[in-house]
Amino acid sequence: MAGKVKREKWSENFSEWYNELIETAGIQDKRYPVKGMNIWLPYGLKIMRNIERFIHAEMERTGHDEVLFPALIPETEFQKEAEHIKGFEGEVYWVTHAGLDPLDVRLILRPTSETAMYSMFSLWIRSHADLPFKVYQIVNTYRYETKHTRPLIRVREISRFFEAHTAHDSYEDAERQIKEDLEIFDNLAKFLAIPYIVSKRPEWDKFPGAYYSLGAEVMMPDGRTLQIGTMHNYKQNFAKAYNIQYETEEGEHEYVHQTTFGMSERLLAAVMAIHGDDNGLVLPPTIAPIQVVIVPIPKKNAEADVFAYAREIADELRTAGIRVHVDERDIRPGRKYYDWEMKGVPVRIEVGPRDVEGKKAVIARRDTLTKKVVERGELVEAVRKTFDEIMENLYQRASEFLESHIKRVDTIEEAKEVFEDRRGIVEIPWCGEEECGLKMEEELDAKMLGIPYPEEKAKAPESKKCPVCGREAKFIARFARTY
Ligand SMILES: Nc1ncnc2c1ncn2[C@@H]1O[C@H](COS(=O)(=O)NC(=O)[C@@H](N)CS)[C@@H](O)[C@H]1O
Ligand SMILES: [Zn+2]
């Protein structure tokens with residue numbers, strides 16, 4: 001029978017749904033006595049590790065080397081890139097003492113690692129033969145966020161901060177790197193069954209020190225967007241501040257061009273929010289710590305041994321490389337269903353005495369809450385096929401939600417209606433002038449995500465006018481309420 005997937009709470013009161021689920025699904029414990037810093041619980045960390053495993057593999061595939069830098073950065077290093085300072089001075093945590101002694105050079109806890117890495121890049125990069133230079137790390141970083149903190153989404157210790165930093169012999173090669181970052185991100189988004197849009201940030205909202213910034217946004221259930229990835233082209237801004245030069249083949253000395261690519265535990269927040277329903281998490285099989293849970297359903301005085309049958313199925317699935325758990329707890333099956341649905345286990349297999357006799361099993365899908373009977377001999381194949389169906393369905397469902405929350409308008413009034421109705425992303429003509437962009441942000445009480453990327457998708461249709469100044473619109477600008 002077609003299951004009725006309930007998502008009322010999920011959509012009407014997303015914030016409460018999300019905060020409860022962080023606890024009830026065993027993702028994190030928020031009771032740590034420092035605001036904006038939470039504890040990873042075993043199940044949540046297993047999911048995050050599965051996401052990270054994919055990122056490490058993509059870094060390997062694209063020739064990035066993993067490094068690990070110290071978390072403390074001397075003030076002298078932090079001070080070197082002016083714009084970067086301006087952008088972060090209100091957000092950094094300071095270390096001013098060691099033991100009882102005040103430090104003669106204060107240290108900061110890294111908010112991101114440009115100012116930790118780039119003096120070393122200056123020592124490491126000497127010749128064009130050292131380029132392109134590509135490193136990354138997944139570490140904890142610290143930002144004194146003053147806006148509302150929220151587990152995984154806006155934290156003060158970003159405990160799973162992914163940062164890739166590259167150096168190139170030319171602007172063109174840095175641009176090639178940005179395209180590679182977008183490809184990596186697209187592979188990851190498909191792995192998580194998550195649709196997204198990429199926008200080029202407006203001048204007034206790019207990363208401090210960047211020449212331009214790209215943001216990858218997803219649509220959250222409450223119609224607000226969440227930035228889950230950013231790519232920045234730094235040109236030679238940091239290279240000049242940190243003296244990162246290389247010797248060209250002609251023996252000249254040139255500053256390198258640089259890029260960075262950043263993500264964080266927000267990826268998990270996006271998976272939870274986008275795929276979840278009122279029964280809890282719905283995990284894509286790609287990252288589920290338990291892909292199949294088997295629930296034996298014993299019946300009084302039936303001699304069929306449902307436990308042995310369940311274990312035999314589990315062994316076969318495990319041999320096939322599937323992550324499986326048999327729930328042998330002595331509690332009602334219904335209670336087991338509730339627990340594993342809360343944890344988002346993609347597939348449940350139920351086996352009662354009749355299934356043992358008939359050499360069958362029942363497969364229950366977490367995403368559609370539907371069930372079907374399968375022959376014992378076809379189980380591995382059926383489970384694999386069900387994983388593919390779940391990935392496809394999760395991606396389709398999320399894509400429809402995203403598409404239905406992007407609206408193209410011509411006037412501020414129309415845009416306001418969208419935000420009053422159910423929020424989402426508004427695409428509106430723009431002359432490209434900062435004052436008009438800022439005016440629209442103010443009028444709409446929304447953030448300009450920027451213009452569509454790549455730029456050929458950003459052009460305004462013929463004869464569209466900027467709703468603020470009436471001049472010819474050059475671009476389509478995107479606005480949204482954001483996290
Ligand atoms: N307070 C926060 N909590 C959780 N994730 C965050 C927070 N601040 C930023 N992020 C995530 O970290 C990513 C990279 O951060 S960033 O500021 O945009 N970019 C950088 O720091 C660049 N140095 C690239 S690593 C963002 O795309 C966002 O997904
Ligand atoms: Zn204008």
Side-chain angles (χ1 to χ4, degrees), residues 28 35-38 48 55 64 69 81 83-84 87-88 91-93 110-118 135-166 177-178 181 185 188 196 198-199 201-202 205-210 212-218 225-234 237-238 258-270 412 428-441 443 448-449 460 464-475 477 482-483:
Q28 287 196 336
K35 182 171 159 30
M37 299 188 187
N38 307 309
M48 193 65 219
I55 294 173
H64 289 77
F69 270 74
E81 212 285 334
E83 256 197 58
H84 190 69
F88 276 104
E91 284 193 40
V92 290
Y93 283 88
R110 62 186 165 209
T112 171
S113 298
E114 283 76 0
T115 59
M117 291 182 170
Y118 294 171
V135 294
Y136 78 101
Q137 61 184 8
I138 302 181
V139 292
N140 46 2
T141 58
Y142 298 84
R143 299 186 183 190
Y144 181 57
E145 296 281 357
T146 45
K147 276 171 70 176
H148 184 59
T149 55
R150 210 185 292 266
L152 305 178
I153 289 176
R154 183 171 292 280
V155 288
R156 289 182 167 174
E157 177 186 50
I158 308 169
S159 57
R160 301 283 75 217
F161 187 78
F162 160 79
E163 51 178 329
H165 296 257
T166 66
Q177 184 57 54
I178 295 283
D181 296 344
F185 184 84
L188 177 59
Y196 63 94
V198 178
S199 308
R201 291 286 185 260
D205 185 41
K206 59 188 184 184
F207 183 76
Y212 72 73
S213 290
L214 303 181
E217 254 90 20
V218 296
T225 58
L226 176 68
Q227 169 191 288
I228 59 168
T230 34
M231 299 90 183
H232 312 281
N233 186 321
Y234 290 167
N237 301 346
F238 281 93
Q258 290 174 270
T259 79
T260 56
F261 172 18
M263 298 186 283
S264 77
E265 51 262 46
R266 279 188 184 173
L267 291 164
L268 176 53
I412 301 266
I428 192 164
W430 176 41
C431 64
E433 292 305 318
E434 180 162 333
E435 68 199 304
C436 294
L438 291 171
K439 184 92 179 96
M440 284 197 268
E441 282 191 332
E443 293 264 320
M448 184 193 283
L449 302 180
K464 289 287 181 188
K465 300 274 179 269
C466 172
V468 175
C469 69
R471 279 190 297 237
E472 191 71 18
K474 280 209 205 92
F475 306 106
T482 65
Y483 272 91

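Numbering of ligands and ligand atoms starts at 1, following listing order.
Within the structure, the closest approach of L152 to ligand 1 falls below 4.0 Å when heavy atoms are considered. The shell of residues lying under 4.0 angstrom from ligand 1, judged by heavy atoms, excludes T149.
Considering only non-hydrogen atoms, atom 18 (O) of ligand 1 lies nearest to T230 out of L267, L226, T230, L214. For atom 21 (O) of ligand 1, the choice among R266, K147, R143, E114 with the nearest heavy atom turns out to be R143.
In the vicinity of Q227, heavy-atom distances shorter than 4.0 Å reach the ligand 1 atoms 18 (O), 26 (C), 27 (O), 28 (C), 29 (O). Within ligand 1, the atoms closer than 4.0 Å to a non-hydrogen atom of Y234 are 22 (C), 23 (N), numbered from 1 in the order shown. Short contacts between ligand 1 and I228, defined as distances under 4.0 Å to a heavy atom of the residue, involve ligand atoms 29 (O). Heavy-atom proximity to E145, at under 4.0 Å, picks out these atoms of ligand 1: 1 (N), 2 (C), 8 (N). For ligand 1, the atoms lying closer than 4.0 Å to a non-hydrogen atom of G262 are 13 (C), 14 (C), 24 (C), 25 (S), 27 (O).
Interatomic distance, L214 CG to Q227 CD, rounded to the nearest 0.5 Å: 10.5 Å. To the nearest 0.5 angstrom, L267 atom CG is 5.5 Å from L188 atom CG. Atom CZ in R110 sits 5.5 Å away from atom CD in Q137 (nearest 0.5 Å).
No hydrogens or angles considered: a donor-acceptor pair under 3.5 Å links the side chains of E163 and S113. Remark: the T112 side chain and the T141 side chain contain no N/O donor-acceptor pair separated by less than 3.5 Å. Looking at Y234 and E114, their side chains do bring a donor and an acceptor atom within 3.5 Å of each other. Between the side chains of T260 and H165, no donor-acceptor pair is found at a separation under 3.5 Å. With hydrogens and angles left out, the side-chain atoms of E265 and S159 include a donor and acceptor closer than 3.5 Å. Between the side chains of E157 and Y142, at least one donor N or O sits under 3.5 Å from an acceptor N or O.
Closest to atom 20 (C) of ligand 1 among all protein heavy atoms lies F207 CE1, 3.4 Å. For atom 11 (C) of ligand 1, the nearest protein heavy atom (residue, atom name, distance) is S264 OG, 3.5 Å. Distance from atom 19 (N) of ligand 1 to its nearest protein heavy atom, with residue and atom name: H232 NE2, 3.2 Å. Of the protein's non-hydrogen atoms, I158 CD1, 3.5 Å is the one closest to atom 7 (C) of ligand 1. When hydrogens are left out, the protein atom nearest atom 4 (C) of ligand 1 is I153 O, 3.4 Å; that is the closest non-hydrogen contact. Nearest to atom 24 (C) of ligand 1 among the protein's heavy atoms is T260 OG1, 3.4 Å. Shortest contact from atom 12 (O) of ligand 1 to any protein heavy atom: F161 CE1, 3.6 Å.
Taking the six-membered ring for Trp and thresholds of 30 and 60 degrees, W430 and F475 have ring planes inclined between 30 and 60 degrees apart.
Between T149 and K35 there is a side-chain heavy-atom pair separated by less than 4.5 Å.
Distances between N or O atoms of V155 and those of ligand 1 include at least one value under 3.5 Å. Considering backbone and side-chain atoms together, E163 places no N or O closer than 3.5 Å to any N or O of ligand 1.
Sparse packing is recorded around OH of Y144, with 12 or fewer heavy atoms of other residues, nucleotides or ligands lying under 6.0 Å away.
Angle SG(C469) to the Zn ion (ligand 2) to SG(C436), rounded to 10°: 110°.
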